[in-house]
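Heavy-atom basis, side chains included; hydrogens, waters and symmetry copies ignored. Chain A is the first sequence line, chain B the second, and so forth, proteins listed ahead of strands; every chain is numbered from 1.
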Amino acid sequence: DTGVSQDPRHKITKRGQNVTFRCDPISEHNRLYWYRQTLGQGPEFLTYFQNEAQLEKSRLLSDRFSAERPKGSFSTLEIQRTEQGDSAMYLCASSLENLEAFFGQGTRLTVV
Amino acid sequence: EDQVTQSPEALRLQEGESSSLNCSYTVSGLRGLFWYRQDPGKGPEFLFTLYSAGEEKEKERLKATLTKKESFLHITAPKPEDSATYLCAVYTNAGKSTFGDGTTLTVKP
């Protein structure tokens, strides 16, 4: 399978715990995006990378969120001290520069 | 700030009943407009990219069109398997996409 892969698909965590999600993009894609989606809403931009450089981060993203893309390949999104409001689907997408993005199946986070 | 508005929020059609979904936008520096299909619990699936006003793209029963202020997704003779949420997104000079909240289409047999 050469699509975007996300792991885990589902995560249930207690409030206050840290969680980390992984995204493996399509191999030849140099851009990688993270989005968050809640029920009935469209995906909301969080951050994106071009190769290993993080080029933009949404001002809505609190300091508890951090993303990395070491060596310009896979990416991780970490949420520290999770809150119930963090419950959502976290989507990763990749693209060639300035072209359409292809999405993974997402990680569904539930904070209890 | 870039804004994307999709209408209607929900659309119920009988199989074979053609209709259109609307995506209106206010952006600076539009580079392209994307249409995606999303099934429940899954990530969005890419359908089309439109780059300039007057452009049209077709795929099976779907046709997407673009003007300077809006895009339409026309669905001709839909089938139950076309039931999904359809999302549009604008891609700008900022290098990222802003999505609308989608139209949820239900096609009854």
Side-chain angles (χ1 to χ4, degrees), chain A residues 1 3-10 21 23-26 29-51 53-61 67 88-110, chain B residues 1-10 21-25 27 29-52 55 57 59 64 66 71 73 84-106:
Chain A
D1 185 9
V4 178
S5 177
Q6 292 190 245
D7 183 70
R9 291 292 311 278
H10 303 275
F21 309 140
C23 173
D24 288 274
I26 294 171
H29 286 181
N30 59 345
R31 286 202 176 174
L32 186 148
Y33 304 83
W34 285 100
Y35 288 85
R36 175 172 62 192
Q37 186 177 28
T38 53
L39 199 61
Q41 306 293 312
E44 175 189 31
F45 171 79
L46 295 178
T47 188
Y48 88 95
F49 294 83
Q50 181 154 316
N51 301 311
Q54 188 173 18
L55 294 189
E56 187 168 344
K57 191 172 171 181
S58 169
R59 63 180 182 275
L60 302 175
L61 206 60
M89 174 80 88
Y90 289 83
L91 293 164
C92 175
S94 70
S95 75
L96 290 169
E97 189 168 342
N98 295 328
L99 295 179
E100 57 273 357
F102 293 85
F103 283 81
Q105 293 304 305
T107 294
R108 169 74 64 189
L109 173 67
T110 303
Chain B
E1 186 174 327
D2 300 336
Q3 286 196 319
V4 179
T5 303
Q6 291 189 245
S7 62
E9 288 185 16
L21 283 53
N22 177 263
C23 171
S24 61
Y25 58 90
V27 299
L30 180 72
R31 301 289 296 275
L33 185 142
F34 305 132
W35 281 98
Y36 289 87
R37 170 193 170 125
Q38 187 173 29
D39 292 304
K42 297 193 174 181
E45 175 189 346
F46 171 73
L47 293 173
F48 302 111
T49 303
L50 300 166
Y51 290 104
S52 57
E55 190 175 0
K57 293 272 179 77
K59 179 179 178 180
L66 181 65
S71 177
L73 185 66
T85 296
Y86 291 86
L87 297 163
C88 77
V90 293
Y91 179 77
T92 68
N93 288 329
K96 62 182 175 72
S97 293
T98 300
F99 280 80
D101 287 334
T103 293
T104 299
L105 173 66
T106 304

Residue pair A:L99 / B:Y51: nearest heavy atoms and the distance that separates them: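 Taking every non-hydrogen atom into account, CD2-OH, 3.4 Å.
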Closest non-hydrogen atom pair between A:G42 and B:D101, with its separation: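 Of all heavy-atom pairs spanning A:G42 and B:D101, the closest is N-OD1, 3.0 Å.
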Interchain contact, [X] with chain B, by part (heavy-atom threshold 4.5 Å):
X	result
A:A101	both
A:Q37	side chain
A:L55	neither

Is the shortest distance from a Lys or Arg side-chain nitrogen in B:K57 or A:E100 to a carboxylate oxygen in the other one below 4.0 Å?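 Salt bridge absent between B:K57 and A:E100.
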For A:F45, does the six-membered ring have the charged nitrogen or CZ of B:K96 within the cation-pi criterion, i.e. under 6.0 angstrom from the centroid and within 45° of the normal?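 Positive - B:K96 is close enough to the ring of A:F45 and near enough to its axis.
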Checking [X] against chain A: side chain, backbone, both or neither under 4.5 Å from a heavy atom?
X	result
B:E45	neither
B:F48	neither
B:A94	both

Quick check for you: to the nearest 0.5 Å, what is the distance between [X] atom [atom1] and [Y] atom [atom2]?
X	Y	atom1	atom2	value
A:L91	B:K42	CG	NZ	13.5 Å
A:S95	B:F46	OG	CZ	11.0 Å
A:Q41	B:T85	CD	OG1	11.5 Å
B:F99	A:Y35	CZ	OH	5.0 Å

Shorter than 4.5 Å, heavy atoms on both sides: which option in A:R9, A:R108, A:R31, A:E44 has the most such pairs with chain B? A:R31
I'd like to verify something: which residue of B:G95, B:G32, B:S97 has the highest number of heavy-atom pairs under 4.5 Å with chain A?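 The residue among B:G95, B:G32, B:S97 with the greatest pair count is B:G95.
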